[in-house]
Amino acid sequence: MAASSTRYATCPLCEATCGLELTVEGDAVTAVRGDAADVFSKGFICPKGASIAALDTDPDRIHSPLIKRDGRFVEASWDEAFAEIDRRLPPLLEEHGRDAVGVYVGNPGAHNFSTILYGRVLLKALGTKNIYTASTVDQMPKQVSAGHMFGGALSVPVPDVDRTDHLIILGANPLASNGSLMTAPDMRGRLRRLRERGGKVVVFDPRRSRTAEEADEHHFIRPGTDALLLFALAEVLFSEELTDTARLEPHLNGLEQLRGLAAPFTPEAVSGPTGIAAEEIRRTARELAAAESAAVYGRIGTCTQEFGTLASWLVDVLNVLTGNLDREGGAMFTRAAAGQTSSNGEPGSGRGFMPGRWASRVRGLPEAFGELPVAALAEEIETPGEGRVRAMLTVAGNPVISTPDSERLDRAFGSLDFMVSLDVYVNETTRHADVILPGSSPLRRSHYDVALYQLAVRNVANYSAPVLAPDPAVPDEWRTILRLTGIVTGQGPDADVDAIDDFVAGEAVRRELGMPGSRIGERDAAEIAEQLEGRSGPERLLDLLLRAGPYGDRFGEEPGGLSLDRLESEPHGVDLGPLRPRLPEMLRTPSGKVELAPEPIVADVPRLEAALGRGANGHMVLIGRRQLRSNNSWMHNVPRLVSGPPRCTAHVHPDDASRLGLTDGEGALVSSEAGSIEIPVEITDAVMPGVISIPHGWGHDREGVQLSVAREHAGSNSNVLARGDLIDPLSGNAVLNGIPVELEPA
Ligand code: SF4
């Protein structure tokens with residue numbers, strides 16, 4: 001029997017970044033617990049993290065490249081796979097131009113520092129405008145509103161949940177998600193402690209979620225009307241003179257304009273469309289204003305709807321109006337240890353957010369932060385003409401399941417001239433690929449959460465070395481990405497990956513030195529490169545970011561400061577303290593101020609005003625449902641996460657079930673203008689009347705999918721019901737909530 005050892009690692013599966021304690025025997029993880037000594041999660045773990053070993057041992061996982069020959073995948077060597085890509089991709093680029101290749105990056109890419117740090121190298125080398133990610137079926141509205149208000153893609157304030165006295169949550173279920181755009185392991189514990197110290201949690205949601213059950217108050221709200229409610233809260237603050245902006249005023253632009261914008265949205269005016277009594281709205285606003293400290297937090301339900309950017313903006317408007325932006329217990333900006341451009345530098349040193357530098361070919365939809373709306377991808381593939389997307393590269397993504405009008409995208413992928421996928425499974429999307437390049441197991445690669453630590457409710461840093469020996473048959477993703485970079489830059493399939501990596505590191509050093517306010521700006525590039533020697537790949541880039549970052553050792557000038565050496569010696573992470581005020585230093589708007597009334601957002605307000613006249617029209621409307629044991633579309637092949645009663649069900653209120661003749665446990669046919677699905681009904685008063693709730697990420701019964709467990713628990717794909725032409729115009733984000741549907745017994 002192999003001797004066992006204990007290893008520690010950060011869970012890379014969701015935004016919460018929990019510390020794991022893993023028992024390793026031989027080449028296997030035999031037990032997983034929460035790491036009680038982790039500086040951030042303190043022992044918390046969820047069922048997904050506890051199942052991480054099953055991802056490593058999954059028999060359906062791909063361990064060698066696959067090439068499609070005569071319609072079937074056959075195993076190939078890496079050299080054969082790259083030779084095939086080199087044979088087919090460069091001629092296509094040569095003949096049809098760079099935009100003929102589209103790229104889709106899925107959510108797991110945000111949890112992998114290889115794909116984050118090197119994906120941008122490949123995208124730059126590829127030079128296509130057709131870049132799509134899961135962001136435009138998720139949080140893009142929040143990024144757009146934060147970009148307009150504060151200047152950066154990730155300058156998103158997070159609730160200071162550990163110190164706040166009052167938390168209003170809209171369209172979010174952090175007990176299931178463990179925080180989203182709010183990195184916060186153990187949200188149940190954090191919310192309980194909030195209430196134990198006398199604070200209050202108020203939830204607005206069309207569904208009585210797990211979070212709503214734990215809250216002091218839960219109000220049903222009609223799907224898609226969050227912006228109306230938020231505007232009404234602002235209107236009450238103005239009209240009853242409850243605003244508290246004196247501290248923030250030197251940093252604000254547009255405060256008076258806001259007052260005028262809010263005026264039509266009285267509680268009485270929004271009561272009909274939201275379904276919330278005017279007096280309840282007034283009371284909510286007064287309690288919010290009276291709280292010692294408070295934060296308003298909105299998440300996916302406020303983003304994936306027709307007024308996503310307006311709702312996201314109004315969340316932070318309320319945090320400003322109540323004086324809670326950037327103060328302890330309010331909504332604050334994390335100061336991340338690595339990779340946050342606003343962590344060094346000065347207010348006003350940024351150029352601000354500049355959307356629309358290019359537009360999609362068919363519908364003319366503007367890019368935001370370098371990407372186009374994924375709702376436009378199918379038409380970009382299908383519509384003939386110059387600039388048509390003829391080839392795709394997908395990275396850890398399954399857009400055939402997770403984006404709107406799924407059936408059309410499925411057909412469109414089937415019509416591509418060439419497709420390469422970097423993925424661990426043959427799933428609904430990658431089954432269309434000509435070449436699949438496997439990625440590494442989360443237990444066999446190192447990890448640092450470059451993205452999610454930028455949104456953490458406490459400043460922390462934690463690096464994990466691989467828990468198990470890397471699989472010699474599967475190179476780390478950064479090597480695969482750089483080999484692809486070699487192909488698209490004309491170096492062929494055997495480019496010198498280490499030489500490209502040296503070049504990338506040299507560029508990164510020069511970039512750090514040239515940044516306004518750089519903490520290492522006076523240093524010599526050659527000397528810095530020398531200090532980074534001995535490392536390569538993402539470790540070298542991370543070491544640079546840490547050492548040049550706000551807590552870094554500045555390459556020896558601040559002994560004891562952060563470096564990768566230091567993190568390697570601290571397996572439970574480094575606690576960098578609670579969030580601290582960061583205004584105005586973090587602002588990257590051209591004005592150096594918080595823009596409360598950005599022109600594009602103001603121009604969209606009349607569209608919301610037109611919605612004031614709406615009431616319930618008798619239609620059922622669809623919303624999503626986050627599940628603790630599910631992670632979008634990709635963890636349904638883990639037996640212990642899908643065992644038990646079916647989870648992909650439609651929640652329907654008893655009144656609606658009785659009116660529509662639906663029976664608990666029986667099937668229903670759900671139809672929209674985009675398509676229809678069959679799904680078992682669960683009758684529950686946890687959804688408000690007129691609303692049907694279906695979790696997304698299911699529907700694994702398509703031909704060619706090689707997910708044996710998921711196929712047994714296939715479920716139905718809710719995105720078949722979502723129209724590709726319905727988007728939030730400011731962000732291009734798909735509208736997945738509030739879709740009118742018809743229900744009947746199946
Ligand atoms: S909450 Fe997220 S990070 Fe924590 S154990 Fe679960 S999946 Fe992993």
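Each ligand, and each atom within it, is numbered from 1 in the order the structure gives. The figures here come from the full heavy-atom set of this structure, side chains too, leaving out hydrogens, waters and symmetry mates.
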**OP:** Note the single closest protein heavy atom to atom 4 (Fe) of ligand 1, along with its residue, its atom name and the distance in Å.
**Re:** Cys18 SG, 2.3 Å

**OP:** Report the relative orientation of the aromatic rings in His700 and His636; use parallel for angles under 30°, tilted for 30 to 60°, perpendicular for over 60°.
**Re:** perpendicular

**OP:** Have a look at ligand 1 and work out which part of Thr17, if any, has a heavy atom under 4.0 Å from it: side chain, backbone, both or neither.
**Re:** backbone

Subject >> Near-ring test Tyr118/Phe113, centroid separation under 6.0 angstrom >> reply: no

Original post:
How close does the nearest protein non-hydrogen atom get to atom 2 (Fe) of ligand 1, and which residue and atom is it?
Top reply: Cys14 SG, 2.3 Å

Subject >> ring pair (Phe, Tyr, Trp, His ring centres under 6.0 Å) partner of Tyr453, chosen from Tyr448, Tyr463, Phe40 >> reply: Tyr448

Subject >> Under the side-chain hydrogen bond (donor to acceptor under 3.5 Å, both in side chains) test, residues paired with Thr429 that sit two or more places apart >> reply: Asn398

Subject >> Top protein contact for atom 1 (S) of ligand 1, by heavy-atom distance >> reply: Asn178 ND2, 3.5 Å

Original post:
What residues, two or more places apart in sequence or in another chain, satisfy side chain to side chain contact (heavy atoms under 4.5 Å, CB included) together with Ala54?
Top reply: Val638

Original post:
Which of the numbered atoms in ligand 1 are below 4.0 angstrom from a heavy atom of Leu13?
Top reply: 7 (S)

Subject >> atom 8 (Fe) of ligand 1 - nearest protein heavy atom and its distance >> reply: Cys11 SG, 2.3 Å

Original post:
Taking both backbone and side chain into account, is any N, O or S atom of Cys46 nearer than 2.8 Å to atom 6 (Fe) of ligand 1?
Top reply: yes

Subject >> Option among Val201, Asp205, Thr302 that satisfies the side-chain contact (heavy atoms from CB on, under 4.5 Å) test with Ile169 >> reply: Val201

Original post:
What atoms in ligand 1 come closer than 4.0 Å to a heavy atom of Lys48?
Top reply: 7 (S)

